[in-house]
Amino acid sequence: MQFPTFSSPHLPATSSVARVMREVLLALLPGIAGAWWFFGWGVIVNIVLATLACVLAEAAMLAARGRPVVVTLADGSAVLTGVLLALALPPLAPAWLPVVGALFAIVVAKQLYGGLGYNPFNPAMVGYVVLLISFPREMTQWSAPSGLGIAQLGLADSLAWSLRGVLPADTTLDALTLATPLDSVKTALGIGEMLREIVAAPKFGAYGGHGWEWINFAYLLGGLYLIQRRLIDWRIPVGMLGALFAIALVFHGSDTDSYPAPLFHLFGGAAMLGAFFIATDPVTASTTPRGRLLFGAGIGLIVYVIRTWGGYPDGVAFAVLLMNMAAPTLDHYTKPRVFGQSGKRDNQQSGDQ
Amino acid sequence: MTTTPRHLHRFHGGLHLPANKALSNGGGVRSMPLPKQLILPLAQHIGEPAEALVKPGERVLKGQMIARAHGYVSVPIHASSSGTVIEIAEHAVPHPSGLRAPCIVIDTDGKDEAAPDTLSGDPLQLDPNELRNRVRNAGIVGLGGAGFPSFIKLNPGPNRPIHTLLINGAECEPYITCDDVLMREHAADIVAGARILMHALNAPECLIAIEDNKPEAAVAMRTAITTTSTANMEVVVVPTIYPTGGERQLIKVITGREVPSQGLPADVGVVCHNPGTAVAVQRALTRGEPLISRILTVTGQGVARPGNVDVRIGTLMADVVAACGGYTEQARQLLMGGPMMGFAMSSDEVPIVKTSNCLLVAARDELPLPQAPLPCIRCGACVEVCPAELLPQQLYWYAHTRDFDKIQDYSLFDCIECGCCAQVCPSHIPLVQHYRFAKTEIWNQEREREKADLARQRHEFRLSRIEREKDERAERLKQKQKALQTPAEEGIDPKKAAIQAALERTKAKKAAATPAAGDDI
């Protein structure tokens, strides 16, 4: 009797890229729900637009590169890039903003480098940074979080604003927007105000900004789910949040009126989204255990530096891209000790011989 | 026996796999009818093939040596039953590529007539050297799978005292149960074999490691140790995690020590043997039976009556499956070995060899077709499970780009090919296949380099010889001319001078010819 032959191992696969991407999207749901709750329908409009643009761009590029389109799209990575990019964008952005960002993310940052697995930089963050540098005004159109008594757009109005740039007759853009907590702190500190006066305003919430702290908390929950499911390595978020917390603590401790508290840094911006969902993108992160801790810590430190002394209110995207650049070097210098090769542990063992 | 549980250690990574052992571990060891034909490959294990001692037409007896060891890493082969040698020819052997290799083919006569015993004696009174010789003459290799000649492992040398003989009854690979049933049914033989091995190694202690999913085997072994009142022997139950049965992993679990990367277990004072090997040693040295049969797990939903069978070495896989009720409707894949490290056979017209521990006939939905691989996303799932603590994703990358220097920087040769990385890979990349490819390429390159070095040396030698001969010819010519010009002055007879010159020429020729003898043109 004749049989087909394959290489070992032969057991059924227990995982797939599509399943990993699906679970990451699932873990994003609490954060998405929180963002929608506080910032309104613009969040959802952005997600739909960015995701559609990512998927279409991916399909077009795969076709142009002569790669299988349907099979590759099914890996879900383009959808995830779209959702992550959209979550980083201001909810009152015009429709072309998520689309341009998505196109740049997929076409330039991902497919021109060879597609999934070959891109050195996080595509969503490349798209975000291109938008931030090119369209600074549109990138600040954050709607005011609900619960502060400021009007919000409904679904129909959000669509009209996003797609046609039309607002309801009784309102203006200025009446709908509110600077983000990080932005407000930076501006206020810049004109010499005292921190304790600044954060007393209701929009600063309990510790991380009204609405923002809840959204960050939701991302944290999703991230813990991913760690529990072993879909992301705990080292990157722990490295990043730990470093951010530590450096914030040092400066806050030295001068409580000029440097915001560590919790504000963790819950007041994009730290949780970045730590659990963006920095953990496996393709662009370090892959060794020690490398991942350092990779995360590097992001945490750069985020703090940019937020405190840089030109932008938040710095997660820049920090991630800078550390993406450092990832190959980190991998090179943090190779783990191989079983049976000489190293620290082996010395200890020969000691007890 | 100590009652306090031994402190065990952990190795990095590993997997909890569905065991699928219940399919074959009931019903003990079955015997099967003597096959009509036996096909005995001359190479059945690592090392050099044996050299045939018989000719076609010759009658052989069961246990008669029909091929002798050739080189150090080699053991003889014995006829598994009595009959007539019909040919010594190329035949398909168990190899993933469907390779054909020289085999001795015997038509059995059904009498199963045994050759005279040359092996048995009182093994515990024998000199360890003599013991090792007999183990070698019995054709015994490791029966766990790799098949390294056992006598070599019994000879660690004077500089490496062995403190522990480790009987590896972990049997971590799914589906395989031959060691499990052997321990349940032949525990006393294993104990007796282990005592002989301890004697050969001068080892003060023997530990028998069994995974905790084989409680019956552990009980049977403990009972055998107690009833035979064997001293310094202990059963150690270890957690079930693949690949605990890997020699280096098991030594780490038991002793906490790591066998050096380029070294041997003996470097940390341990020697590992499979329970089957212990039984083979016991049979050879107390009953005079060389290694002519082994216990084989025949399992999977593709075979009608799965179980463990006592099989003569050289029996065709097709005959074994037939003795187990034949294939079921769903049979689709035939593996020699388990699902993690076994290799797929393209045909069942292939003999069982000394290292065959399992025939897995998988049904259609049991072991699915491999999925199309996607690009590596560097998720590092492989890093977390690698028991050798390698970076499988980097090894893959360098195998993929054929960077064979870099891949060795990442310790490719420390990979034990356990398959954990490929098993968890979300991109379904056949990682182990890439590593095997890289290893083979590197071995080929090394062979090529050695050949090239040799050729270059020969070439350089030839050039220098030609140059030297030219110089010598010129020198001779000069002397000849000198001799012709100056005979009168020195008062030498021209005739004598000519003879002298001729003698010198022969001498020079001889001198020129001597180094050339080593030159291969």
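Numbers restart at 1 for each chain; the letters A, B, ... are given by sequence-line order, proteins then strands.
- The closest donor-acceptor contact from the side chain of A:His10 to the backbone of B:Gly342 lies under 3.5 Å.
- For B:Leu335, the part sitting under 4.5 Å from any heavy atom of chain A is the side chain, from C-beta outward, and nothing else.
- Distance check: B:Tyr242 OH to A:Leu11 CG gives 9.0 Å after rounding to the nearest 0.5 Å.
- Between chain A and the residues B:Pro370, B:Ala422, B:Gly380, the largest count of heavy-atom pairs under 4.5 Å involves B:Pro370.
- For B:Gln393, the part sitting under 4.5 Å from any heavy atom of chain A is the side chain, from C-beta outward, and nothing else.
- Atom OH of A:Tyr113 is surrounded by 12 or fewer heavy atoms from other residues, nucleotides or ligands within 6.0 Å.
- With contacts defined as side-chain heavy-atom distances shorter than 4.5 Å, the pair A:Lys335/B:Asp409 qualifies.
- Contact annotation for A:Arg292: only side-chain heavy atoms (C-beta onward) come within less than 4.5 Å of a heavy atom of chain B.
- When side chains are defined from C-beta on, A:Pro12 does not count as touching B:Gln371, because their heavy atoms never get closer than 4.5 Å.
- A heavy-atom distance below 4.5 Å is found between the side chains of A:Asp331 and B:Arg378.
- In this structure, the portions of B:Ile377 lying under 4.5 Å from any heavy atom of chain A include both its backbone and its side chain.
- For a residue to count as touching a neighbouring chain, one of its non-hydrogen atoms must lie under 4.5 Å from one of that chain's; by this rule B:Glu417 does not touch chain A.
- In this structure, chain A has no heavy atom under 4.5 Å from any part of B:Leu431.
- Looking at B:Cys386, neither its backbone nor its side chain comes within 4.5 Å of chain A, counting heavy atoms on both sides.
- With a 6.0 Å radius and a threshold of 12 heavy atoms from other residues, nucleotides or ligands, B:Phe413 has its CZ atom above the threshold.
- Residues B:Arg332 and A:Phe3 have side chains not in contact (no heavy-atom distance under 4.5 Å, counting atoms from C-beta outward).
- With a threshold of 4.5 angstrom between heavy atoms, B:Glu366 approaches chain A through N, CA, C or O but not through any side-chain atom.
- Of the possible donor and acceptor atoms, none in the side chain of B:Glu389 sits under 3.5 Å from a partner among the backbone N and O of A:Val338.
- Looking at B:Met340, the atoms closer than 4.5 Å to chain A (heavy atoms on both sides) sit in the backbone and in the side chain alike.
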Stepwise side chain to side chain contact (heavy atoms under 4.5 Å, CB included) check, A:Phe339 with B:Arg248: CA-CA 9 Å; A:Phe339 184 96; B:Arg248 285 157 195 260; 3.6 Å; yes

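- For B:Pro387, the part lying near chain A is the backbone, with the side chain staying farther off; criterion is any non-hydrogen pair under 4.5 Å.
- Heavy-atom neighbours of A:Arg65 CZ from other residues, nucleotides or ligands within 6.0 Å: above the threshold of 12.
- At a 4.5 Å heavy-atom cutoff, the contact between B:Cys379 and chain A is made by backbone and side-chain atoms alike.
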Verdict with supporting geometry, B:Asp414 and A:Gln341, side chain to side chain contact (heavy atoms under 4.5 Å, CB included): CA-CA 9 Å; B:Asp414 282 291; A:Gln341 287 189 1; 2.8 Å; yes

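- Heavy-atom contacts from other residues, nucleotides or ligands closer than 6.0 Å to CZ of A:Phe104 number 12 or fewer.
- A distance of 8.5 Å separates CD in B:Gln394 from OG1 in A:Thr288, rounded to the nearest 0.5 Å.
- Chain B forms more heavy-atom pairs under 4.5 Å with one residue of A:Val283, A:Thr14, A:Ile232 than with any other, namely A:Val283.
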Stepwise side-chain hydrogen bond (donor to acceptor under 3.5 Å, both in side chains) test for B:Ser411 and A:Arg337: CA-CA 10 Å; B:Ser411 307; A:Arg337 191 194 67 94; over 6 Å; no

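- Considering only heavy-atom pairs separated by less than 4.5 Å from chain B, the leading option among A:Ser16, A:Gly117, A:Ala285, A:Gly114 is A:Ser16.
- Looking only at side-chain heavy atoms (C-beta outward), B:Leu391 and A:Pro336 come within less than 4.5 Å of each other.
- A pairwise comparison of heavy atoms in B:Pro375 and A:Leu116 identifies CB-O, 3.2 Å as the closest pair.
- Tested against A:Ser8 for a side-chain hydrogen bond (donor to acceptor under 3.5 Å, both in side chains), the candidates B:Gln423, B:Gln433, B:Arg436 yield a single pass: B:Arg436.
- In this structure, chain B has a heavy atom under 4.5 Å from the side chain of A:Val20, while its backbone stays farther away.
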